[in-house]
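Report on one structure; see the data block that follows.
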Amino acid sequence: MKYVYYPGCSLGGTAREYGISARAVNDALGLEFQELADWSCCGASSAHMTNLDLALALPVRNLALAEAQGARELVTACASCYQRLAIVAHEVNTHPRARERANQLTGADYKGGVTPRHLLDVLGKDVGVDRVAARVTRPLEGLKVACYYGCLLVRPVKATGFDDPEDPQTMDTLVKAAGAQVVTWPFKTECCGASFSMSRTDVVAGMAAAVLSEAKAAGADCLVTACPMCHSNLDMRQSMAARVARTTFNLPIYYITQLLGLSFGYMPRQLGLNSHFVKALPLLRRLRLV
Amino acid sequence: MLSIKGKRGDAVVRTITLSALEPGRTRLQGEVEAMGGTNVRRCYQCGKCSGGCPASFAMEAQPRQVMRMVQLGDREGALATNTIWLCASCLACTTRCPREVEIAGVMEALRIISRRERRVPSDRNVALFHDIFVDAIRRRGRLNEFELAMRYKLASRNLFADIAQGISMMLRGKLALIPHKYRGRAQVQAIFRRIKEAEVKRS
Amino acid sequence: MTAWLDALRDHVREFLSEPGVDVFIGYRAGRRGREVPAFLTRPEQASGLVLGPAASGALAKYVLEEAAGTTGRLGVLARGCEALSLQRLVRDLRVERERLHVVGVPCAGVADLAKLEASLGALEKVESCGERWLVTAGGNRHDVDPSQFMEERCRDCASPWPQQCNISFGQAVMSPASPDYSTVAALEALPADERYAFWIRQFERCLRCFACRQVCPACSCVECSLDLVDPPWLGREITVPAQAMFHYTRALHVAGRCVDCGQCQKVCPVGIPVALLNRKLARDIQELFDVQNPFVPGEIEPLGKFRAEDREEFM
Amino acid sequence: MSVGEQSWKPTIVAFCCNWCSYAGADLAGTSRLQYPATVRIIRVPCSGRVNPQFIVRAFQRGADGVLVAGCHPGDCHYSTGNYYARRRFLLATRFLEYLGIEPGRLWVRWISGSEGHKFATVIKEMSAALERLGPNVKLREGAL
Amino acid sequence: MKRVGVFLCWCGSNIAATVDVPALAEYAAKLPNVVYVEQNKYTCSEPGQEQIRKAIAEHRLNRVVVAACSPRMHETTFRRTLASASLNPYLLEMANVREHCSWVHQDRAEATAKARALVRRAVAKVQLARPLFQSSIPVNRRALVIGGGIAGIQAALDIADSGHKVVLVEREPTIGGRMAQLDKTFPTLDCSSCILTPKMVDAAQHENIQLWTYSEVEEVGGYVGNFQVKIRRRATSINASACTGCGACWEKCPAKTGNEFDLGLGQRKAIYVPFPQAVPNKPVIDRDLCIYFKTGRCRICQRFCTAGAVEFEQQDVVVEETFGAIVAATGFEQFDHAVYGEYGYGKHPDVITGLHLERLISASGPSDGKVKRPSNGAVPETVVFVQCVGSRDEAKGVSYCSRACCMYTAKHAIMLHEKIPGVSTFVFYIDVRAAGKGYEEFYARAQELGAQYVRGRVARVYQRGDKLVVMGEDTLLGAKVQVEADLVVLATAMTARHDAQSLARTLGISYDQNGFFTEAHPKLRPVETNTAGIFLAGACQGPKDIPDTVAQGTAAAAKVNNLFAKENLLAEPTVATVNEAWCSGCLWCKPTCPYRAIDSKTISQRQVGKILTRQVATVNAGLCQGCGACTVACRTGAMNLLGFSNEQILAEVDAICP
């Protein structure tokens with residue numbers, strides 16, 4: 001399966017391991033991702049905080065690029081980029097005036113023919129759990145996972161809508177397919193405050209603490225996510241969150257692609273499992289998964 | 001065993017002379033609706049938004065209360081709260097609102113209004129971060145997170161706050177130091193230019 | 001020669017040989033390059049069927065005459081506008097859908113024969129050939145650009161491909177165009193007095209020949225109120241105000257039911273822009289009662305229903 | 001009466017539904033509310049009974065303005081009649097303007113049985129408006 | 001030859017002071033076909049009317065115009081006058097020269113000029129008047145009540161008590177409806193079954209009531225006075241007259257399922273009575289569950305039935321009956337809260353609805369009146385009540401307020417505090433609506449007993465350990481609050497029956513966007529529908545509590561009774577009629593009729609030798625109320641309105657203009 005792929009700014013940087021593990025998983029599943037030539041930042045997560053025109057124009061530029069090279073879908077692994085692209089795509093398709101405006105600003109001629117999609121959606125729908133399961137060589141037995149979707153993947157429903165906004169399932173089914181055990185917990189889509197990760201660390205710590213506590217209470221021994229923001233937040237800010245909650249969490253935060261990759265038999269290094277703040281490997285070693 | 005979670009926002013206690021505010025469908029409502037595309041008058045103050053807001057513990061006013069201020073046309077109040085800056089746009093409120101009010105959209109609108117009116121943002125750091133973020137995009141067309149981080153820390157004068165993370169990130173190769181260079185940059189800058197022109201025309 | 005014409009003829013031949021079939025209504029070659037309505041009753045006649053740009057009639061309404069007093073099935077050839085007209089007649093319960101055998105054919109616009117004759121001389125044959133028309137006139141063949149010689153009503157045809165047919169031939173053509181309301185808008189932009197003057201200039205020419213009504217698929221009443229002396233809807237004597245009442249009434253009677261076939265305007269001997277009245281009403285209906293497409297016959301006409309939350313201007 | 005003549009007063013033909021607007025006009029009477037003697041009421045069971053052709057007929061016969069009055073939406077004695085009227089006249093008002101009749105010659109108003117004041121006010125306002133417009137010659141028999 | 005007489009009333013000085021009546025008389029005399037003009041001080045007075053009678057006789061008048069007050073005032077008076085002079089009462093026309101002229105104008109000249117126009121109009125219209133005759137419809141004095149809840153029972157009893165036959169049709173095996181499921185009723189807290197069951201028994205034993213349970217209405221034809229109704233009586237598989245209701249059968253029956261009456265909290269068998277006080281107290285066999293019907297084996301119940309009442313071979317019967325009036329009392333359904341992800345999609349066993357709680361509290365309920373957590377059977381220490389679940393929620397639920405929830409939640413809180421010492425209860429509400437006699441006091445009492453009212457709509461309910469975490473905002477504090485609860489009770493919206501719309505179509509009545517049946521007039525005709533002879537009672541018309549429901553049941557019965565007070569119905573003759581020669585049968589008139597009075601019929605007409613048959617519209621004069629909406633929908637004018645015909649209105653317009 002071929003897709004035009006929008007990497008976004010993080011997957012080269014803070015989410016490096018997400019980028020490489022995604023590549024690994026795609027290879028394993030025979031997904032062909034061709035990077036959108038000449039892509040630019042979609043504006044997340046600040047453009048829409050400062051200027052509506054900007055929030056509109058930046059994503060449309062990329063949508064227009066994709067359309068120009070004949071793509072009907074634009075896949076991204078970053079939940080944040082996905083949401084911005086999806087919101088704007090929906091906006092211009094429902095309000096012709098918005099489309100005109102966007103085209104004026106970008107100098108492009110976007111017709112509205114591109115549907116942004118998230119990697120998770122592609123794995124869940126296009127590839128399908130069965131084909132994922134078929135590829136598993138090292139089932140992640142004993143791993144108790146809290147699937148954390150974050151707020152960006154499933155909201156707003158009218159723009160995203162590939163899964164339920166309160167109790168989504170796509171990631172759960174994939175993780176189960178990888179042989180791990182998923183815990184039922186209430187904060188799957190509770191926000192962790194990523195947009196303040198630098199500006200208001202105190203707030204972030206508070207929000208992250210809430211999420212992590214619920215995961216722990218539900219008996220998870222790690223979280224899995226499909227969003228660089230969530231990841232860097234829960235991973236990098238976990239110690240701080242623990243201080244706020246006056247407890248220790250020690251919950252490794254994995255990317256969905258890392259867990260899948262692991263179950264497909266990749267080596268930890270090939271999946272960037274070595275570059276986490278909260279050590280990612282000890283748990284896996286304990287469970288004899290690496 | 002009712003436990004109150006988080007601290008109450010310590011909003012300044014004010015007496016508002018309602019008759020001094022605009023009556024009926026206020027101008028503020030109009031502006032907000034124009035941008036947020038939602039009818040704030042529909043809000044009946046049930047509080048479902050705030051009850052589910054993950055950031056509300058840090059807010060001076062509950063999101064619901066901000067809706068109220070907009071309904072009353074209490075411009076000063078609405079733009080003074082840090083609430084509008086501490087909204088993480090997670091849309092839990094919008095998704096759950098029984099009156100289909102796009103609360104997060106309203107917050108977004110208020111932030112932008114506060115900018116237009118060149119007000120001192122009620123949470124300088126958040127605002128500052130967004131400015132630097134957007135400026136970074138303007139400069140390069142793509143975001144260089146390391147550059148963003150460093151510039152933000154310089155500007156917010158807390159260079160040493162989680163510098164540790166910064167360095168360990170670098171060690172983990174997580175902060176790409178090489179700035180992107182590519183054609184898209186020019187086009188993105190063109191977008192910024194057109195927007196500026198539009199703004200100039202408007203004012 | 002159109003590729004699918006033979007297939008069409010074969011189909012009609014078969015149809016006519018079926019039991020209980022009364023007639024098939026199509027086109028046959030007429031004199032001077034014309035293609036005129038044909039009423040086939042025997043299979044062998046099928047070979048005489050033609051369909052080209054010169055088939056400028058409107059077959060739908062013939063169905064009424066053919067259906068009256070008979071019970072057999074009726075076949076009819078239908079281009080986009082004719083198919084809509086048939087739907088109109090069916091919805092107005094003037095003929096049962098089961099009795100009809102609608103044979104859909106594509107349409108790339110009908111030739112304005114008068115205009116062709118004026119510029120090329122006496123016509124002998126008009127054929128479509130790919131995107132172009134081959135016109136034999138005054139002894140020589142011309143390759144003409146349809147857009148130059150297309151009937152006005154076809155220029156902004158929104159439904160060239162017939163819907164709800166029993167069978168159809170040829171390639172489905174999607175419409176690039178949508179009804180052009182610019183003239184309506186232009187008129188609306190005029191000051192009231194000028195607009196009034198404009199319409200009076202039109203109405204005073206009216207001969208009350210009723211051609212617009214006769215051809216209209218939405219005007220199929222067994223008795224037309226405009227013919228009645230009692231009640232005297234139009235008044236006894238023919239005056240300009242009475243003419244205005246006539247056109248006002250006709251337009252309102254087809255409001256929400258007009259299929260925009262444009263025949264009314266086409267057949268008007270004195271060139272009154274009748275369709276401009278229909279279009280105005282259609283556009284307002286679309287806007288006021290958010291009707292998707294005011295020209296497609298629906299279950300209940302827009303004026304035969306309401307929504308409590310309809311626009312309120314009369315408080 | 002001819003144009004320009006000082007004493008010219010417009011003529012308004014009003015179609016009032018029996019249950020609300022006609023009763024409203026009655027109430028205006030019993031409460032002795034004064035309004036110009038310009039209006040002449042034709043009683044119909046329901047605003048849904050008013051055929052748009054009646055409007056043009058009135059203009060033909062010399063009316064300077066026409067008023068169609070019915071119960072407020074939701075209050076129709078026959079529950080739905082005025083909803084149909086509303087659709088018909090949303091369309092007819094626009095269509096008459098399209099034919100060149102000045103806006104303001106045809107008024108449609110919802111007047112309930114308890115709104116005697118509203119009836120009087122509507123007639124006052126409408127008369128004033130028509131006086132500004134002057135006599136109607138459009139579509140009028142004999143005027144052309 | 002039309003001979004019109006015009007009678008001008010002075011009304012003392014009411015008219016004469018402003019209108020120059022003598023001048024008006026001179027003018028009237030010159031109008032076409034006017035053969036007689038007369039002025040009276042008071043035309044409505046006995047001498048005034050006598051004058052009219054005399055004139056009709058002496059001058060052979062066949063049309064009469066009275067220029068006086070509003071027809072809404074005296075039209076009936078003068079119609080009687082004409083009748084008494086053996087002239088058809090509909091050959092009268094009034095000119096309203098008082099309310100519409102003399103009382104609202106001062107300038108004598110202007111007023112008189114206007115009066116001329118008004119008289120001109122009347123004379124012009126009356127020329128075209130035709131004699132009209134009231135049609136009369138015989139009334140079949142037998143009522144059908146659909147729905148055996150408290151509304152239907154009340155209506156049936158009231159109709160039956162006034163001596164009319166009633167058939168009470170109920171879909172379930174027993175009557176009683178929702179009220180039978182309740183434990184106590186607010187605001188008096190008397191026990192629901194104590195006040196309901198006697199009524200159920202009365203209904204069953206009343207000589208004028210036939211009780212048809214396990215039955216459904218399938219088809220309704222006809223119109224007011226004589227509806228033809230097809231009713232399916234489903235096979236109960238029990239010979240009711242033989243059955244003693246001993247219960248041996250259901251004790252032995254091996255097939256079990258969740259008991260609908262207890263909302264699945266308890267069990268029932270395949271052969272069952274829904275609850276002990278059921279009426280009739282005879283079991284039915286649920287054929288989808290019964291082992292015999294599935295496998296052809298078992299028959300245990302039959303073996304243990306000493307009365308030999310079990311009849312497996314019973315078949316459904318469809319009976320056709322005639323009724324003069326119908327009362328719809330089909331009640332409501334509960335909103336399904338499974339749409340709320342934030343409340344756990346209805347997955348948590350300890351998140352229940354108010355009706356569940358009723359069954360848990362009820363002494364005759366599955367837990368014998370002990371309130372326990374469905375998950376682990378423990379007695380809850382902390383209970384949260386969530387108001388407006390589905391109600392007042394345009395996004396996921398319904399826009400309206402369900403009206404009864406505030407009060408029954410207060411009731412629940414009170415009862416929990418009475419049953420469980422030391423329980424703590426929290427009621428999350430948006431607004432407390434206690435508008436009813438004794439309601440506010442009742443709400444206050446709940447707070448007295450310790451119910452903690454928190455103003456705010458609950459945002460989340462989720463499981464943590466064996467507790468339920470309820471999150472919301474206390475909007476009065478402006479603070480986010482959370483409760484760790486053992487039991488969460490949702491006050492789910494009252495919604496229309498899922499199949500209400502199909503019943504509405506069967507009955508030919510209208511329903512609103514929420515599926516509730518619509519009354520003929522929201523204020524003035526609350527229990528009537530737009531279809532003459534069909535009435536509404538209870539929650540099928542909109543959410544209601546018991547007092548309102550009972551009141552409506554009685555009101556509907558009163559309407560039926562006054563319909564049945566007459567032998568024949570007289571219908572106003574000013575109705576729509578079809579000119580069949582003109583009618584094209586397009587039936588565009590049909591959808592505009594609010595009374596479903598228009599239908600199509602086949603006529604045959606001779607045309608060039610042969611007979612042609614075609615469809616034309618036809619009007620049922622019994623149903624038509626004469627609004628005339630159809631006449632405008634008719635392009636030809638084949639559809640016309642007697643008394644307000646196209647001809648007449650055109651003539652009026654012509655006459656009234658200068």
Side-chain angles (χ1 to χ4, degrees), chain D residues 1 9 11 13-19 22-23 25-55 57-64 66 74-85 88 113 116 119-120 123, chain E residues 69-73 94 96 98-107 109-115 117-118 120-121 125 510 518-525 529-530 574 592-595 625-634 637 641 643-644 646 648-650 652-658:
Chain D
M1 302 179 199
K9 288 269 183 354
T11 303
V13 173
F15 296 90
C16 294
C17 87
N18 177 55
W19 304 98
Y22 195 93
D26 281 356
L27 181 59
T30 43
S31 9
R32 307 297 197 278
L33 305 170
Q34 299 299 302
Y35 55 81
T38 48
V39 64
R40 295 149 189 208
I41 296 178
I42 293 176
R43 178 168 160 240
V44 289
C46 173
S47 52
R49 173 67 183 95
V50 182
N51 189 323
Q53 291 170 76
F54 297 154
I55 312 305
R57 177 66 151 233
F59 287 131
Q60 288 180 325
R61 295 296 186 267
D64 299 298
V66 178
D75 294 352
C76 175
H77 176 77
Y78 308 99
S79 79
T80 55
N82 53 359
Y83 285 125
Y84 294 107
R88 286 163 186 161
F119 183 85
I123 300 306
Chain E
C69 51
S70 169
R72 298 171 51 84
M73 182 90 174
M94 289 188 72
N96 185 343
R98 192 179 74 173
E99 283 83 345
H100 291 186
C101 191
S102 68
W103 275 353
V104 288
H105 310 311
Q106 272 143 347
D107 182 311
E110 283 184 3
T112 310
K114 175 172 173 178
L118 297 183
R120 217 161 52 224
R121 179 202 68 80
K125 183 180 182 185
S510 50
T518 36
E519 61 281 12
H521 192 287
K523 299 129 215 164
L524 305 177
R525 301 169 69 195
T529 66
N530 280 322
T574 51
T592 63
C593 178
Y595 309 102
Q625 303 294 310
C627 71
C630 53
T631 59
V632 184
C634 181
L641 186 61
F644 296 94
N646 291 325
Q648 287 177 307
I649 298 178
L650 286 172
E652 288 177 88
V653 173
D654 292 359
I656 210 168
C657 290

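Letters go in sequence order (proteins before strands), and every chain restarts at 1. This structure is a prediction, so every number in the text was calculated from the model and none was measured. Below, each value reflects all heavy atoms present in this structure, side chains not excepted, and no hydrogens, waters or symmetry copies.
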Next on the checklist: Does E/H105 form a side-chain contact (heavy atoms from CB on, under 4.5 Å) with E/E110? I'd like the steps, not just the answer.
Outcome noted: CA-CA 8 Å; E/H105 310 311; E/E110 283 184 3; 5.8 Å; no

Checklist entry - Can you say whether E/D107 sits under 4.5 Å from chain D via the side chain, the backbone, both, or neither, judging by heavy atoms? => result neither

Checklist entry - So what's closer than 4.5 Å to chain D heavy atoms on E/R525: side chain, backbone, both or neither? => result side chain

Looking at chain D, which one of [options] has the largest number of heavy-atom pairs inside 4.5 Å, strictly under?
{"options": "E/A113, E/C69, E/P71, E/S510", "answer": "E/P71"}
{"options": "E/H100, E/E99, E/R98", "answer": "E/H100"}
{"options": "E/A629, E/A111, E/A117", "answer": "E/A629"}
{"options": "E/V632, E/I656, E/I649", "answer": "E/V632"}
{"options": "E/Q625, E/K114, E/R72", "answer": "E/R72"}
{"options": "E/L118, E/T574, E/T592", "answer": "E/T592"}

Evaluate the side-chain proximity of [Y] to [X]: yes if any heavy-atom separation is below 4.5 Å, no if none is.
{"X": "D/C17", "Y": "D/P45", "result": "no"}
{"X": "D/S79", "Y": "E/E519", "result": "no"}
{"X": "E/N96", "Y": "E/M73", "result": "no"}

Checklist entry - Does the side-chain contact (heavy atoms from CB on, under 4.5 Å) test come out yes or no for D/F54 and D/R49, once each step is laid out? => result CA-CA 10 Å; D/F54 297 154; D/R49 173 67 183 95; 4.0 Å; yes

Check whether [X] gets within reach of chain E through its side chain, its backbone, both or neither, counting any heavy atom under 4.5 Å.
{"X": "D/A85", "result": "neither"}
{"X": "D/V50", "result": "backbone"}
{"X": "D/T11", "result": "side chain"}
{"X": "D/V44", "result": "both"}
{"X": "D/D64", "result": "neither"}
{"X": "D/L33", "result": "backbone"}
{"X": "D/Y84", "result": "side chain"}
{"X": "D/F15", "result": "side chain"}
{"X": "D/R43", "result": "both"}

Checklist entry - Which word best sums up how the rings of D/Y78 and D/W19 line up, parallel for under 30°, tilted for 30 to 60°, or perpendicular for over 60°? => result perpendicular

Checklist entry - Do the rings of D/Y35 and D/F119 sit parallel, tilted or perpendicular, given the 30° and 60° boundaries? => result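 The rings of D/Y35 and D/F119 stand perpendicular, inter-plane angle above 60°.
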
Next on the checklist: As a quick check of understanding, evaluate side-chain contact (heavy atoms from CB on, under 4.5 Å) for D/R32 and E/V104, giving each step before the final call.
Outcome noted: CA-CA 5 Å; D/R32 307 297 197 278; E/V104 288; over 6 Å; no

Checklist entry - Which one, D/V13, D/L27, D/I41, leads in non-hydrogen pairs under 4.5 Å with chain E? => result D/I41

Checklist entry - Is a side-chain N or O of E/R120 found less than 3.5 angstrom from the main chain of E/C657, in a donor-acceptor match? => result yes

Checklist entry - Could you go step by step and tell me if D/Q34 and E/Q106 meet the side-chain contact (heavy atoms from CB on, under 4.5 Å) rule? => result CA-CA 8 Å; D/Q34 299 299 302; E/Q106 272 143 347; 3.7 Å; yes

Checklist entry - Between atom CG of D/N18 and atom CG of D/D26, what is the distance when rounded to the nearest 0.5 Å? => result 9.0 Å

